Amino acid sequence: MSVRVRIAPSPTGNLHIGTARTAIFNWLFARRHGGKFILRIEDTDVERSRVEYTENIQSGLTWLGINWDEGPFFQSQRLDLYRAAIQKLLAQGLAYRCYCTPEELEQMRDGQKASNQAPRYDNRHRNLTREQQEAFAAAGRQPVIRLKIDELREIVWQDLVRGEVTWKGSDLGGDMVIARTPEKEGEEFGQPLYNLAVVVDDLDMAITHVIRGEDHIANTAKQILLYEGLGAKIPEFAHTPLILNQAGRKLSKRDGVTSIDDFKQMGFVPEAMANYMALLGWTQPDSTQEIFSLAEAAANFSLERVNKAGAKFDISKLDWINSQYLHQMPAEKLVDLLIPYWEEAGYHSDDRLWLIQLTQLIAPSLTRLQDAGPESRLLFGESVTYSEEARDLLKQEGVQEMMQGVREAIAAWPNLTETEAKKIIDQITKTQKVKKGLVMRSLRAGLMGELHGPDLIQSWLLLNQKGLDLIRLQQALTL
Ligand code: GLU
């Protein structure tokens with residue numbers, strides 16, 4: 001049997017971290033087994049579905065490095081298939097028309113509430129006679145289609161993550177609606193609903209493994225009944241743990257960033273994002289290995305190593321993983337990722353070599369790409385604010401002479417190199433009979449206004465190329 005899995009997002013919002021993580025697990029599983037990964041857009045909810053969300057989902061998956069082998073398929077283009085399945089269920093007496101009005105249903109629920117019962121449809125139209133149905137239709141009532149659910153039934157499956165799962169037919173809320181009331185004149189029934197469409201699609205696309213979030217467990221029980229009704233082979237199911245917030249509740253929009261676009265905007269790179277998401281609920285056979293590519297994960301992926309317990313979303317872990325990727329990325333590549341962030345901060349340079357040098361300098365201090373702005377502001381020529389320590393040092397006896405000495409040396413070497421910069425420091429150390437450390441610290445204080453920071457010589461060289469070192473030292477002399 002060749003593995004066929006899918007991701008079936010509804011385009012009612014931007015690509016969400018939960019959907020992206022489910023996509024990653026499906027993709028890893030497909031790649032591990034040499035199978036196919038299919039993208040299906042569940043756009044039957046016409047009011048909430050939008051083309052821009054469909055595009056956002058596709059571009060987000062592509063950005064993460066998740067490619068699909070088939071699709072995208074759109075449910076809105078497959079309505080005939082769903083209608084045929086509904087006809088079949090009706091013809092077999094497994095589904096029926098229910099003519100209850102919204103008011104009647106509400107009354108039913110109010111009654112259940114009053115007697116402390118869980119809300120459910122009481123199957124009152126399950127056995128209407130033809131005459132009763134005709135009378136309702138003649139009174140202008142429009143039917144929904146419901147699938148019969150045997151209350152006494154126990155639905156059992158071997159979940160590939162959770163083991164044996166049992167669900168009672170009586171816990172499914174009564175006979176379930178599989179199609180809405182007709183919208184147009186002459187229609188037999190209206191919009192097919194999620195559970196029906198999913199089953200028809202998964203069957204039609206020969207899906208072998210349905211891997212999706214644990215919030216779909218009750219749907220799985222209902223879908224198994226639909227597979228049975230349609231006389232079809234039931235796929236394997238694997239329910240992955242939910243992504244939780246720090247309080248241990250399902251991560252939601254209220255927790256701030258949840259869409260892949262937001263993470264991208266904040267300066268997480270796709271490799272780090274994908275790496276982190278693979279770790280949300282899955283552990284490598286070698287659990288100490290936390291930095292890996294999707295291809296590496298695919299070589300080891302198995303559903304047995306997916307946890308049952310929810311996975312807490314931990315932004316500091318994501319930060320750490322992101323920093324690992326940024327620190328090991330070649331400067332020639334990283335620079336292109338930083339340029340938009342510099343531009344956004346208002347910093348621009350056409351000198352690519354200078355930008356690459358700057359990238360090398362700041363890379364070790366980056367956690368997110370958006371740190372690039374603050375980390376390089378002084379090198380782009382923003383004015384220095386001196387820390388108190390730097391100010392004190394620059395006023396210390398002898399330091400002004402050092403700064404003066406450096407200025408003169410710079411004037412003698414217009415295009416400073418690393419060797420020359422080091423020579424200047426040695427020279428000042430000798431002529432002024434001071435410790436080298438003091439010269440270096442003073443120079444840093446003069447150039448950057450701080451006593452700590454990235455590599456001094458490299459910072460100096462970057463400033464030198466823009467003629468900023470002389471200006472800064474001059475300024476330091478006037479403090
Ligand atoms: N449209 C559903 C969702 O986004 C698909 C669930 C499934 O995979 O069946 O949650």
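First listed ligand is number 1; within each ligand, the first listed atom is number 1. All of these numbers come straight from a predicted model, not from anything done at the bench.
- Of the charged side-chain nitrogens involved, at least one lies within less than 4.0 Å of a carboxylate oxygen, so that Glu42 and Arg40 count as a salt-bridged pair.
- Donor-acceptor pairing under 3.5 Å is recorded for the side chains of Gln132 and Thr129.
- Thr181 and Arg141 are not linked by any side-chain donor-acceptor pair at a separation below 3.5 angstrom, with hydrogens and angles left out of the test.
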Side chains of residues 374-381: which donor-acceptor partners sit under 3.5 Å, not counting sequence neighbours?
unit_1 : atom_1 : unit_2 : atom_2 : d
Ser376 : OG     : Trp342 : NE1    : 2.7
Ser376 : OG     : Ala372 : O      : 2.4
Arg377 : NH2    : Ser383 : O      : 3.2

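- For the pair Arg305 and Phe301, the NZ or CZ position fails the cation-pi test of under 6.0 Å to the six-membered ring centre and within 45 degrees of the ring normal.
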Is there any protein N/O under 3.5 Å from an N/O of ligand 1, and what does the full list of such pairs look like?
unit_1   : atom_1 : unit_2 : atom_2 : d
ligand 1 : 1 (N)  : Ala8   : O      : 2.8
ligand 1 : 1 (N)  : Ser10  : OG     : 3.0
ligand 1 : 1 (N)  : Glu42  : OE1    : 2.6
ligand 1 : 8 (O)  : Arg6   : NH1    : 2.7
ligand 1 : 8 (O)  : Arg6   : NH2    : 3.4
ligand 1 : 9 (O)  : Arg6   : NH2    : 3.0
ligand 1 : 9 (O)  : Tyr194 : OH     : 2.8
ligand 1 : 9 (O)  : Arg212 : NH1    : 2.7
ligand 1 : 10 (O) : His216 : NE2    : 2.9

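- With hydrogens and angles disregarded, no donor-acceptor distance shorter than 3.5 Å links the side chain of Arg180 to the backbone of Gly190.
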